[in-house]
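Notes to accompany the following structure.
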Number of protein chains: 2
Amino acid sequence: MARPRTPLLSRERIVAAALRLIDDEGLDALSTRRLATELSVSGPSLYNHFATKDELLDAVVDSVMGEVDLSMFGTSGSSGTTGVPGVPGEPGRAAWPEALRDWARSYRAALAAHPNIVPVLAQGPGRRPNALRLADAVFGHLVDSGWPRGQATRIGALMRYFVTGSALASFAAGFPADAEVYDAADYPHLGEAHRLAGHRGAVDEGAFETGLEALLDGLALRYARLAERS
Amino acid sequence: MARPRTPLLSRERIVAAALRLIDDEGLDALSTRRLATELSVSGPSLYNHFATKDELLDAVVDSVMGEVDLSMFGTSGSSGTTGVPGVPGEPGRAAWPEALRDWARSYRAALAAHPNIVPVLAQGPGRRPNALRLADAVFGHLVDSGWPRGQATRIGALMRYFVTGSALASFAAGFPADAEVYDAADYPHLGEAHRLAGHRGAVDEGAFETGLEALLDGLALRYARLAERS
DNA sequence: ACCTGAACACCGTTCAAGT
DNA sequence: ACCTGAACACCGTTCAAGT
């Protein structure tokens, strides 16, 4: 066949097929040969579009990060402080908790739709533009809201911990549905644990929302203390 | 050579070598052939001790989980309610926040010592005894402290989200140390991000502690509300 | 019971060859 | 520029053979 008149592949088509494969069969199922077969080409063809498998994975990860809504941090992506600056001296009116809540929900939704790729994504932004844009928007918004830069960094980090942790795997589904696993002599409090997997969605959603609200409440307490000390 | 008088391998020796390999070179570096070479045997020898590579990985994971301290939840592992039951009606005296704090620190320390295996471990307890013991101890302690069972489940889940997320990868190290990555036109607030990797330990530790305290404060608020409504 | 080498169906990646 | 088949050094796992 050799070179066709119109290219058989594009980076977009490859990324979409790779994400589908990862979603359906896991990260280990993504092999260059398998992916090529899925795209009806031979294995080495992919190397005309990506230098390595890692570079392809990077593109898949960034496509997922691109789904996260950042609009609550201000309309423009690069104009800096567009919103009203924060007033830490007057607690109760700060807008950052709502922005953080909306963002965390969108962040989790984007990741939980593709849990098998979360371990890769959780390694950090690297040089991926959508991941860097996200970090920039969160940090910028917190600083503009009156958080000291060191605290803003920590909040960005701990929010990522919580969101990636909650999207990495279902808590409920991690417990076998087989009641015989939970011998009362070994695990006296897990007698009902075999029912967890059946309520997977509700348990994980409830845990995420509880944790998110607890985190925001705890941070609001610290935000209020910022003003007292100044 | 065939069968030696004294076995060359044992499950313990294999697990220890596998964990070392994963720590030093990552999860992908663990191949049965490479591991066998490390142990000075041929590849198929491992199959006399583990049925599959997955079964070996499970044993590695449970050995890490075994390092987590659970003593703050009561001395005995199987006798149920040994401690003083909780009194949700009288906030401020509850012991569960301290137990949860100590446990979370030990949990994170155990996992952060082996970050490369956290993605496997985060899939849930499965049938691994040390992981089930941990879930049992946390849930039992929260219920004994007066938390309703549904809430106790959510707290167990959200704590796992936060701890696994914080141990999965360093936040600070995820930002390239190369200042040229952070073009001010694209990322107006990341001008100092290239310094993060240099303060890796302090940033991640600070973020974990801030998040942990915020979570516990937020949960204490909810615990106080439990009594008001009853 | 516990080790070996040979074999099977896979990998990621390189490269010369085709248009 | 973009695809192909052949080739290289790897994988996990099975199995017959050895003691």
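Here is how names work: the chains are called A, B, and so on, in the same order as the sequence lines, proteins then strands, and each is numbered from 1.
- Remark: Glu205(A) pairs with Arg108(A), Glu209(A) by the side-chain contact (heavy atoms from CB on, under 4.5 Å) rule, at least two apart or across chains.
- Nucleotide dT14(D) holds its P atom 13 Å from the CG atom of Leu46(B), rounded to whole Å.
- Summarising the geometry, the separation between CG on Leu39(B) and P on dC3(C) is reported as 10 Å, rounded to the nearest angstrom.
- Between the CZ atom of Phe50(A) and the P atom of dC2(D) there is a distance of 13 Å, rounded to whole Å.
- Rounded to a whole Å, the CZ atom of Arg3(B) is 13 Å from the P atom of dT19(D).
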Kindly express the pairing pattern of DNA chain C in dot-bracket notation, using | wherever a base pairs with another strand and counting only Watson-Crick or G-U pairs under 3.5 Å. ||.|||||...|||||.||
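- Using a cut-off of 4.0 Å between Lys/Arg side-chain N and Asp/Glu carboxylate O, Asp58(B) and Arg128(B) are scored as salt-bridged.
- The side chain to side chain contact (heavy atoms under 4.5 Å, CB included) with Leu30(A) is formed by just one residue from the set Ile117(A), Leu21(A), Leu19(A); it is Leu21(A).
- Atom OH of Tyr47(A) and atom C1' of dG5(D) are 16 Å apart (whole Å).
- Comparing dG18(D), dC2(D), dT14(C) against the side chain of Asn48(A) picks out dC2(D) as the nearest.
- Ring geometry for Phe208(B) versus Phe162(B): interplanar angle under 30°, hence parallel rather than tilted (30 to 60°).
- To the nearest 0.5 Å, the span separating CG on Leu134(A) from CG on Asp62(A) amounts to 10.0 Å.
- Salt bridge annotation for Glu25(A)-Arg34(A): present, with a cationic side-chain nitrogen under 4.0 angstrom from a carboxylate oxygen.
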Can you pull every protein N or O that's under 3.5 Å from an N or O on nucleotides 8-11 of chain C?
| residue | atom | partner | partner atom | Å |
| --- | --- | --- | --- | --- |
| dC11(C) | OP1 | Ser31(A) | OG | 3.2 |
| dC11(C) | O5' | Ser31(A) | OG | 3.4 |
| dC11(C) | N4 | Arg33(A) | NH2 | 3.3 |

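- For Pro44(A), counting side-chain heavy atoms from C-beta on, the closest listed nucleotide (dC15(D), dC15(C), dG18(D)) is dC15(C).
- Scanning for side chain to side chain donor-acceptor pair (under 3.5 Å) contacts around Ser42(B) gives Ser45(B), with sequence neighbours left out.
- For the pair Ser42(B) and dT4(C), the criterion of a side-chain N or O lying under 4.0 Å from OP1 or OP2 is met.
- In summary, Glu213(A) and Arg154(B) do not engage in a salt bridge, as defined by a charged side-chain N under 4.0 Å from a carboxylate O.
- Annotation: proximity of residues 9-16 of chain B to DNA chain D (heavy atom, distance under 4.0 Å) is found for no residue.
- With 3.5 Å as the limit, one finds a donor-acceptor pair spanning the side chains of Asp69(B) and Ser71(B).
- Identified under the salt bridge (charged side-chain N to carboxylate O under 4.0 Å, His left out) test for residues 9-24 of chain A, with sequence neighbours left out: Arg11(A)-Glu55(A).
- Taking the six-membered ring where the residue is Trp, Phe171(B) and Tyr161(A) present perpendicular rings, their angle passing 60° and hence far from 30°.
- In terms of phosphate contacts, His49(A) brings a side-chain nitrogen or oxygen within less than 4.0 Å of OP1 or OP2 of dC3(D).
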